[in-house]
Amino acid sequence: MVFVYGNAFSKEDSAFSLVREIRKREPRVCLLSALSDDEAGLSVIDTMISETILFDPATVYPGTTADNPHVMSASEIKEILETYSDIKAFVFSREIVEDEVRVREALSALDSIKERPVTVSVGESGLFAADLTIVRKRPDAADAERAYLILDEGKLVKGSGEKSLPEVADEGASIAFLSQNDVFGSVTEKPSLNLIRL
């Protein structure tokens with residue numbers, strides 16, 4: 001299963017858009033977001049239910065809005081993650097990768113669970129080094145130890161190795177493709193980034 005972490009206060013938020021794109025191709029996806037109970041938030045929840053997108057009802061926080069967001073603590077995130085036994089990838093959406101507090105809480109939760117999933121960042125982050133970073137253009141100073149999926153080139157790059165991918169039009173399609181090809185690990189394996197499967 002792929003977890004997408006980020007904002008979903010309205011249908012325009014990055015994490016909500018991303019989880020919907022992944023769900024079109026991959027049924028094993030879940031949104032991890034502090035959801036609001038205002039009109040926009042209830043519209044997001046209705047859409048997730050109608051599109052069979054998983055989310056935890058415990059993440060609906062009364063009084064939460066885009067202007068007054070609830071920042072989930074490491075313990076809240078951990079509790080939700082421990083509910084699922086098959087998390088293979090944890091995706092930090094575009095609006096989260098530079099949010100110091102949310103990144104810190106999520107990484108703390110990930111470090112405290114039994115099997116740490118593969119971390120994926122949508123966009124480069126100066127706060128942490130994800131196992132896989134999805135970017136539009138090739139970074140000038142790419143870390144040779146990390147994997148990058150470069151959308152404009154349609155390539156997966158790690159160190160000096162490069163692999164062309166057939167379905168990398170956008171972040172959602174890319175993540176679904178990698179999940180379906182067990183790049184984050186199969187259902188019988190511990191999560192790990194297995195680029196050799198492509």
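What you see is a predicted model; the values in this text were computed from it and never measured. All residue numbers refer to positions in the sequence shown, counting from 1.
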CG (Asp99) and CG (Leu127) are apart, to the nearest 0.5 Å, by 8.0 Å
**OP:** Classify the ring geometry between His70 and Tyr61 as parallel (under 30°), tilted (30 to 60°) or perpendicular (over 60°).
**Re:** parallel
Requested in this report: May I ask you to decide if Ser186's main-chain N or O and Lys88's side chain share a donor-acceptor pair within less than 3.5 Å?
Outcome: yes
- prompt: Has the side chain of Thr83 got a donor or acceptor atom that lies under 3.5 Å from a matching backbone atom of Glu79?
  reply: yes
Determine whether a donor-acceptor pair (N or O, by modelled atom type, separation under 3.5 Å) exists between the side chain of Thr64 and the backbone of Leu35.
no
Salt bridge check, Glu21 against Lys24: does any charged N sit closer than 4.0 Å to a carboxylate O?
yes
#### Entry: Side-chain donor/acceptor of Glu105 to backbone N/O of Ala74, under 3.5 Å
yes
Closest heavy-atom pair, Ser93 versus Asn7, reported as atoms and distance to 0.1 Å, is OG-N, 4.4 Å
Original post:
Just wondering, do Phe9 and Pro69 contact through their side chains at under 4.5 Å, heavy atoms?
Top reply: yes
Q.
I'd like to know if Arg197 pairs up with Asp182 as an ion pair, taking the criterion as any Lys NZ or Arg NE/NH1/NH2 lying under 4.0 Å from an Asp or Glu carboxylate oxygen.
A. no
### Check: Thr65/Asp38 side-chain N/O donor and acceptor closer than 3.5 Å
no
* Asked: Are Ser179 and Glu26 linked by a side-chain donor-acceptor pair shorter than 3.5 Å?
  -> yes
### Query
Hey, is Glu51 close enough to Arg23 for a salt bridge, meaning N to O under 4.0 Å?
no
Which of Arg94, Glu95, Glu171 passes side-chain hydrogen bond (donor to acceptor under 3.5 Å, both in side chains) with Ser14? Answer is Glu95
Q: For the residue pair Tyr5 and Phe92, categorise the inter-ring angle as parallel (less than 30°), tilted (30 to 60°) or perpendicular (more than 60°).
A: perpendicular
Interatomic distance, OG1@Thr133 vs CZ@Arg146, rounded to 0.5 Å, equals 3.5 Å
Donor-acceptor contact below 3.5 Å, side chain Asp170 vs main chain Gly172:
yes
